[in-house]
Each structure stands twice: as C-alpha cells, then as structure tokens.
Protein chains: 2
Amino acid sequence: MKSKETDRSLEESFVSREEIFHGKIVHLVRDTVTLPNRNTATREVVLHLGAVVIVPLFSDGTVLMERQYRYAQGRVMYELPAGKLDSAGEDPQEAAIRELREETGLRAGKMTPLGYYIPSPAVLGERIGVFLAEELTEGEISLDPDEFLHTERRPLTELVEEILRGEIEDGKTQSALLRVYLLKERGLL
Amino acid sequence: MKSKETDRSLEESFVSREEIFHGKIVHLVRDTVTLPNRNTATREVVLHLGAVVIVPLFSDGTVLMERQYRYAQGRVMYELPAGKLDSAGEDPQEAAIRELREETGLRAGKMTPLGYYIPSPAVLGERIGVFLAEELTEGEISLDPDEFLHTERRPLTELVEEILRGEIEDGKTQSALLRVYLLKERGLL
C-alpha cells in the first residue's frame with residue numbers, strides 16, 4: 001500500500017483530555033485535538049482494554065454458537081463466544097482460552113490467532129483478537145450468576161449461508177466465520 | 001433456529017434511565033434493568049441513529065477504499081466509505097447514496113442492500129446498513145472542511161487476500177468485502 005507514505009498528512013494530534021464518565025464497562029473521555037489543517041476539534045472516545053472472539057470449530061465441521069440478550073440492541077443476538085480482557089496486560093490468547101472455558105465449558109487443544117477485528121473505529125478504542133479454537137473437549141461451564149446464554153452447535157457451512165442471506169447481524173461473528181470458512185477452503189488453516 | 005422459542009427466558013426488561021452524557025457523537029445513558037433471575041443490573045449504552053457502509057464496486061472488479069485517521073484507534077485506518085444517518089428517519093439507502101457522493105464523488109446507478117452489520121452489541125445501539133454500489137460514475141467530492149481522507153481503487157480479490165492475512169483490521173470492511181466476494185463468486189449478486 002504505497003499511499004502509506006502520505007498517511008502523516010491525515011494525522012490528528014492530542015492537545016488535552018477531559019474525563020466524562022468511568023462506569024462498569026464504558027470509560028468515556030473527550031479529547032481536544034489538532035487537525036491536519038491546524039484547526040482544533042474534539043473527539044469523544046470510549047476507551048477499552050480490548051477483547052477476544054473465538055470460533056470453536058469441532059472436527060465434524062460444526063461451530064459452537066451462543067444466543068444472548070443484548071440490551072443495547074433490545075433483543076437476543078446470535079453470536080460467537082467472546083469476552084473482554086481481564087486487564088490491559090492479559091495476553092489475548094490466554095483470554096480466549098479463559099473465555100471459551102467460562103462461557104461454554106470447552107477446552108481447546110489448539111488455538112490459532114487470526115489477527116484483529118476493530119468494531120467501531122470512529123468511537124471505540126476497542127480491538128478484538130480473533131481466534132480459531134480446535135481439538136475441543138467438553139467440560140464444566142462457569143457463568144457468572146447474572147450471566148444468561150444458550151449455546152448450540154451448527155455446521156459452519158450453514159452459518160456462512162445465513163450470513164450471506166443477511167440473517168446473522170453480529171459483525172464479529174460475520175467476519176470471523178467468513179474468514180475461517182475461506183481460509184479452510186483454501187487450505188490455509 | 002428452533003432455540004428461538006426459548007429466547008424469552010434470556011430477556012432483560014427496562015426499569016429506569018439515567019442520562020449520562022450527550023455529546024457531538026456519543027449519547028450515553030445508564031439504564032437499570034431486571035434480569036431473567038429477577039435481580040437488577042445496570043446497562044451502559046451508547047445510543048446511535050444508525051449508519052451505512054458502502055462497497056463501491058467498479059465494473060473492472062476494483063473497489064474504492066479510504067484511508068482516514070481514526071483518533072479512537074490512534075492511527076490511519078483502511079476502510080470502505082461509511083457514514084452516519086443524518087436523522088433517525090433517514091432511509092438507509094438514501095444515506096448510502098449521499099455518503100458515497102459526499103466522501104468519494106461517486107454516483108451509483110445501482111445500490112443493493114445486503115442487510116445489517118452490528119458493530120458492538122454489548123455497548124452500542126448502532127446498526128450499520130450494508131450496501132453494494134455498482135454502475136458508478138465519477139463526480140465532485142464535497143468533504144467538510146475539517147474532514148480529511150485519501151481514496152484509492154484496489155482489486156476486490158487483492159483486498160480479500162489482505163483480509164485473510166489479517167492486514168485489514170476494520171470490522172465492517174472485513175465483513176462487507178468478504179460477503180460481496182462470496183455472493184459474487186456464487187452468482188447471487
């Protein structure tokens with residue numbers, strides 16, 4: 001990508017920060033920045049430790065999916081297992097192993113990192129590490145008492161068809177499943 | 001998906017709302033809800049009018065991509081054209097036509113809706129309408145004076161390879177390009 005050389009002309013630089021709100025999940029700040037044309041502007045940013053999403057793929061070609069109520073969307077959504085890092089220092093692969101075990105009881109003999117998925121670059125600082133989990137064995141689920149979700153196993157090929165028809169709307173689920181499907185199809189995984 | 005019948009057992013219900021912050025972009029509220037086990041909990045939600053992302057696909061198989069500084073991520077990102085709805089009532093397809101024209105100067109003879117992409121269901125109320133723009137003709141760009149971006153045309157097949165190698169990290173770009181690629185490959189678009 002040769003246009004990278006000109007990226008410097010697009011950059012904004014930090015001037016000052018105002019703390020707006022620090023809640024359970026959302027840490028909101030409003031920064032003042034200098035634009036490339038030397039004007040100033042404000043940027044509202046939700047800071048985030050980072051997260052992981054996991055594609056738990058069984059040897060029979062099925063994937064473990066979750067149904068979970070998402071209050072911000074006002075409905076139950078159909079998603080891959082995912083979760084936040086425990087701390088800024090937590091290794092994403094360790095977090096993927098931990099989240100998969102807690103939410104689904106699954107232990108992965110093989111965990112392959114597939115790079116990152118950035119959910120909303122205009123507002124969120126969040127980056128989500130994407131992992132493929134294979135050589136799965138079942139164990140105990142350990143959900144928080146106030147956490148509710150259902151799980152089911154579905155063939156990857158069926159899930160891909162549903163994504164192409166627009167029936168699965170969660171973005172990280174769309175992207176991670178399509179990537180795993182294409183990488184497997186090409187023998188790259 | 002037969003498990004839909006049991007979705008009701010996952011639902012949370014609204015009790016009350018506290019307004020936290022209403023900025024230029026972020027409208028943050030903290031709602032109290034009742035959980036399925038009758039406990040109460042709080043939910044921090046960033047409300048959003050909605051947005052659109054567009055895949056501008058030329059007849060030669062190239063796609064128009066943007067490079068734009070994303071302050072929340074602290075770097076220039078490589079993304080498809082996208083933008084917020086002007087109002088809650090704006091038709092997403094009208095918004096896609098408008099955003100494409102403003103950011104890139106392109107006019108689309110054919111605009112095909114491909115369903116929705118939900119960027120971050122745990123925190124954001126945002127839903128992003130996904131559109132394929134074809135039969136493109138070039139015109140005048142009309143960026144805001146404080147808006148800065150570079151555009152370039154790249155073969156869709158090359159972009160798909162970069163996504164599979166983990167080199168393009170924007171989630172909506174990953175999902176929309178992989179969907180268009182697979183739908184075209186199967187003759188469904």
Side-chain angles (χ1 to χ4, degrees), chain A residues 1 3 6-7 10-12 20-21 23-26 28 30-31 33 35-37 39 41-46 67-73 76-79 114-126 146 148-150 152 163-164 166 169-172 174-175 178-179 182-183 188, chain B residues 1 3 6-7 10-12 20-21 23-26 28 30-31 33 35-37 39 41-46 67-73 76-79 114-126 146 148-150 152 163-164 166 169-172 174-175 178-179 182-183 188:
Chain A
M1 288 178 265
S3 41
T6 60
D7 280 357
L10 299 168
E11 285 180 11
E12 303 174 356
I20 303 287
F21 177 74
K24 272 191 315 179
I25 305 287
V26 170
L28 178 63
R30 178 163 51 188
D31 285 6
V33 304
L35 300 177
N37 62 3
N39 284 352
T42 57
R43 296 282 178 253
E44 298 156 8
V45 179
V46 177
R67 303 181 74 79
Q68 191 174 5
Y69 189 80
R70 293 299 201 170
Y71 184 79
Q73 292 288 328
V76 171
M77 291 195 48
Y78 199 49
E79 300 177 41
L114 299 178
Y116 282 89
Y117 164 94
I118 294 178
S120 184
V123 175
L124 299 184
E126 183 176 18
D146 284 349
F148 304 89
L149 54 87
H150 297 156
E152 63 181 9
I163 292 168
L164 294 181
E169 296 190 337
D170 178 53
K172 62 186 178 301
Q174 294 174 345
S175 175
L178 294 181
R179 285 181 65 201
L182 279 166
L183 287 166
L188 298 172
Chain B
M1 291 179 263
S3 41
T6 61
D7 280 357
L10 299 168
E11 284 181 12
E12 302 174 357
I20 303 287
F21 178 74
K24 271 192 315 179
I25 306 287
V26 170
L28 177 63
R30 178 164 52 188
D31 285 6
V33 303
L35 300 177
N37 62 3
N39 284 352
T42 56
R43 295 283 177 252
E44 298 156 7
V45 179
V46 177
R67 301 183 75 79
Q68 189 175 6
Y69 189 80
R70 292 300 200 169
Y71 184 78
Q73 291 288 329
V76 170
M77 290 195 50
Y78 199 49
E79 300 176 42
L114 299 178
Y116 282 90
Y117 165 95
I118 294 179
S120 185
V123 176
L124 300 184
E126 182 175 18
D146 284 348
F148 304 90
L149 55 87
H150 297 158
E152 62 182 9
I163 292 167
L164 294 182
E169 297 192 336
D170 178 53
K172 64 185 177 300
Q174 293 173 346
S175 175
L178 294 181
R179 286 181 66 201
L182 279 166
L183 287 166
L188 298 172

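Just so it is clear: chains get the letters A, B, ... in the order the sequence lines come, proteins before strands, and each one is counted from 1.
Note that CG of A/Asp146 is 5.0 Å distant from CG of B/Leu35, once rounded to the nearest 0.5 Å. To the nearest 0.5 Å, atom CD1 of residue B/Ile118 and atom CD of residue A/Glu169 are 4.5 Å apart. With rounding to the nearest 0.5 Å, the separation of NE2 in B/His150 from CG in A/Leu10 is 4.0 Å. Between atom CG of residue B/Leu178 and atom CZ of residue A/Arg179 there is a gap of 8.0 Å, rounded to the nearest 0.5 Å. How far CG of A/Leu124 is from CG of B/Leu124: 4.5 Å, rounded to the nearest 0.5 Å. The distance from atom CD of A/Gln73 to atom OH of B/Tyr116, rounded to the nearest 0.5 Å, is 11.0 Å.
With a 4.5 angstrom heavy-atom cutoff, B/Tyr117 touches chain A via backbone and side-chain atoms both. Using a 4.5 Å cut-off between heavy atoms, A/Val26 touches chain B through backbone and side chain atoms alike. Contacts of A/Asp170 with chain B are made by both backbone and side-chain atoms, with heavy-atom separations under 4.5 Å. The contact between B/Ile163 and chain A is made by backbone and side chain atoms together, counting heavy-atom distances below 4.5 Å. Of the two parts of B/Asn37, the backbone and the side chain both hold a non-hydrogen atom closer than 4.5 Å to a non-hydrogen atom of chain A.
Of all the listed residues (A/Lys172, A/Gln174, A/Glu44, A/Glu79), the one sharing the greatest number of non-hydrogen pairs under 4.5 Å with chain B is A/Glu44. Of all the listed residues (B/Ala122, B/Gly23, B/Gly166, B/Pro36), the one sharing the greatest number of non-hydrogen pairs under 4.5 Å with chain A is B/Pro36. Per-residue heavy-atom pair counts under 4.5 Å with chain B were compared for A/Gly115, A/Pro121, A/Gly125, A/Ala41, and the maximum is reached by A/Pro121. With respect to chain A, the highest number of heavy-atom pairs below 4.5 Å among B/Lys24, B/Glu126, B/Arg43, B/Met77 belongs to B/Lys24.
Just one residue in the list A/Val123, A/Thr42, A/Asp31 forms a side chain to side chain contact (heavy atoms under 4.5 Å, CB included) with B/Tyr71, and that residue is A/Asp31.
Taking the side chain to side chain contact (heavy atoms under 4.5 Å, CB included) definition, one finds that A/Gln68 meets it with A/Glu66, A/Arg70, A/Leu149, sequence neighbours left out. B/Leu183 is linked by a side chain to side chain contact (heavy atoms under 4.5 Å, CB included) to A/Leu164, B/Leu114, B/Leu188, B/Leu189, counting only residues two or more places apart in sequence or in another chain.
Residues B/Ser120 and A/Pro119 come closest through the heavy atom pair CB-CB, 4.3 Å.
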